[in-house]
Amino acid sequence: MKKFVWPFFALGLSFCQEKVAPPEPVLPVPHERQIAWQELEFYGFVHFNMNTFSDREWGFGDEKPEQFNPTALDARQWARVAKEAGMKGLIITAKHHDGFVLWPSAYTEHSVKNSPWRNGKGDLIREFVDACREYGLKAGIYYSPWDRNHPDYGKPEYITYMRNQLTELLTNYGEIYEVWFDGANGGTGWYGGANEERKVDKFSYYDWPATHELVRKLQPNAMMFSDAGPDVRWVGNEHGFAYETTWSNLMRDSVYAGMPDFDKWASGQENGTHWVPAESDVSIRPGWYYHAYEDHKVKTLPELMEIYYKSIGQNSSLLINFPVDRRGLIHEKDVEAILQLAAKIKEDFSINLAQEASFEASSDRGKGYEVENLNDGNFDTYWTTPDGQIQASVEMDFGKPVSFNRFLLQEYVNLGQRVKAFSLEKEVNGTWEKIAEGTTIGHKRILRFADTEAQKIRVNFLDGKGIPVISEIGVYSAPALLFPPKISRTPAGQVTLTAAEENLDIYFTTDGSAPKPEVNRYSGEFDVPDAATVQAIAVDPKTGKSSGLGRVDFDLAKGSWKPVQADSNAVKSIDENPQSYWTSSKNELILDLGKEISLKGFTYLPMQARYPSGYIAEYGLEVSLDGKSWKSATRGEFSNIQNSPIEQTVRFDPIPARFVKLKGLRTTDGNPSTFGEFGILTR
Ligand code: FUL
Ligand code: CA
């Protein structure tokens, strides 16, 4: 109860009352190093190594040290960006699958010491840890157990090599907070020129127990990551999403790094034997490494917010990757995106309405475990119930009606993860109505729901592995996420506008004028069969604030067009879905537009799938009135399409056309031409 008590009375009471014994832990419980680590919550990955220069995701191992040559490398920029983004640490790819190492290791020549960078005198791990320390960040190391360069990979000698390198990394660079062992390993590779496939028994080859012991000896506080932990586990996907039900408990002895059916284990287990919390890793772009052709695919703010809530909000830490570019810098677009995320997180959690609320619990355990501990901003103080009372509730009174849409809970997991089911209710005229519910809580759980108004709310702990032990509760009113609405059109010409959040209003125009709040509100799909510019803004009805402008220049709808070629997949080049594409073995796309038009140009969107193939670099466009005799309309090149596979626009003098033929005269990689989306211009 957070009510006024006479100070003397309170004092007297505290003298005569003994602090009650804490609850028995529910096993497993975290180790001290895990308790310290979970406070970090948000940290960054730096994927920067040979792949940056070979433009690959997984190098084969036959790359040359000379290829590693950043032009303006500045690890302090990485650290500055991470710090500004609210991250607490950074982890760098000291060695990836291709085997190239970022420090002058005594055990290999495949290293920065033989690269042109800093005339072979550079040590990137040194620069990295120094930069981290300067900015108050923890420094971590990614070390790939798989090595496609090393001649001994697959033999016992390689394990010695790996341990020698780990010893260098964990001895010479001060405190390392996390050591990241990748589960991807074994397969084809260069292997010192052998050029073959080498399969290893992922369970036994690395003798993990001995490797772990070495890391422990050298860095007792470091968290070791892999699919199987031992200290922190993979979340099972690379989207950055943990699960509605996420346990930090894991049947660790049944799991090993790189095991094929890890999916089953990724969300942890209620009856897991060991404490191995989840870490959600995700790249800010599709690839882990930098590729100029992904400059237009940096994750948007709505996507990043979704990641935040599904990782940190679902009992996981969040590891966001920066694919550092060839200069050796985090790209401007990535910087912009991560700072937008940081600003939005700050905004969402700027005012904790629970701080001023008075709390009342159905019961408490006694002195030291009172309900006031729930909103004192201190994780180490907690509320809990008498032994055996698994079901309990906590009521919060804000003193006046308030509006909110986020509910945050933290379990005092130092005594084990317990809660299995809980619900959140609000009081409406003396009765309780459910707002939201959840299963596990763990270190942190954040529920999102529509704006709700109430003076009193209550959380009910319905089921658990033991009595609830709760550190903190937070209630927030996150401002709407104002982001330009998505504008899409079906081939038939129906336009849909979508805002980042449901409760926003959308206003739009189709005549080229700027959309204004309160004028022409979007209420559902509308038809745009002809050429028109659709512009839209999202507006928060509560504040009147508007998003930036969304804009698409549409031309004729494609509904009545028909591919002339027999392949049923050809339609994917005109289905208005940028993700689908058609591969033409003849390097041409022929369309019947259904009627004669005056053609003034065309658009070509290369395929947008993760790994590019068949981008047209040199094109020819031909037109026909009868589908038989063809005439050239234009020819040319898409100069920078390899690096920037965005929609290409070509204009020319008007020419009558009923049929069009886009020819791929040359593709960037020599593969058959692919067509993501084709469009025409009539204005
Ligand atoms: C994966 C690797 O194969 C990727 O290249 C990347 O390093 C990612 C973080 O882990 O398993
Ligand atoms: Ca507390």
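Every number for a ligand or one of its atoms is a count from 1 in the order of the listing. Note that the coordinates shown come from a computational prediction; the quantities given were computed from them, not determined experimentally.
- When rounded to 10 degrees, the angle formed at the Ca ion (ligand 2) by OD1 (D376) and O (T381) equals 140°.
- With a cut-off of 3.0 Å, the Ca ion (ligand 2) has no N, O or S atom of N375 in range.
- Taking the ring axis of F461 as reference, the NZ or CZ atom of R418 does not stay both within 45° of it and closer than 6.0 Å to the ring centre.
- Checked against the 6.0 Å centroid criterion, the rings of Y290 and F322 do not qualify as a close aromatic pair.
- The angle E472:OE2 - the Ca ion (ligand 2) - N373:O amounts to 90°, with values rounded to 10 degrees.
- Within the 4.0 Å heavy-atom shell around ligand 1 one finds Y142.
- Close approach of ligand 1 to E238 is summarised as follows: ligand atoms under 4.0 Å from at least one heavy atom of the residue are 1 (C), 8 (C), 10 (O), 11 (O).
- Close approach to F45 involves these atoms of ligand 1, each under 4.0 Å from a residue heavy atom: 9 (C).
- The O atom of N378 and the O atom of S471 meet at the Ca ion (ligand 2) at an angle of about 110°, given to 10°.
- Ring centroids of Y142 and F48 are separated by 6.0 Å or more, keeping the two rings apart.
- Applying the 4.0 Å criterion to heavy atoms of A184 picks out, from ligand 1, the atoms 3 (O), 11 (O).
- Taking the ring axis of W180 as reference, the NZ or CZ atom of K95 does not stay both within 45° of it and closer than 6.0 Å to the ring centre.
- Geometrically, ligand 1 and D281 share no nitrogen or oxygen pair separated by less than 3.5 Å.
- The Ca ion (ligand 2) lies at 3.0 Å or more from every N, O or S atom belonging to Q410.
- For ligand 1, the polar-atom distance check against W58 finds a nitrogen or oxygen pair separated by under 3.5 Å.
- Ring centroid separation for the pair W288 and W58 does not come in under the 6.0 Å cut-off.
- Using a 30° and 60° split on the angle between ring planes, H212 and F181 fall in the tilted class, from 30° to 60°.
- Closest to atom 2 (C) of ligand 1 among all protein heavy atoms lies D182 OD2, 3.0 Å.
- Near H47, with a cut-off below 4.0 Å to any heavy atom, the atoms of ligand 1 are 6 (C), 7 (O), 9 (C).
- Polar contact with ligand 1: present for H97 (N/O pair, distance under 3.5 Å).
- Not a single N/O/S atom of D380, whether from backbone or side chain, sits less than 3.0 Å from the Ca ion (ligand 2).
- Listed for the S283 side chain is no donor-acceptor partner under 3.5 Å among the backbone atoms of P286.
- For the pair K310 and F241, the cation-pi test (distance below 6.0 Å, angle within 45°) is passed.
- For Y191 and H150, the distance between ring centers is not under 6.0 angstrom.
- Cation-pi geometry between K19 and Y369 is satisfied (NZ or CZ under 6.0 Å from the ring centre, within 45° of the ring normal).
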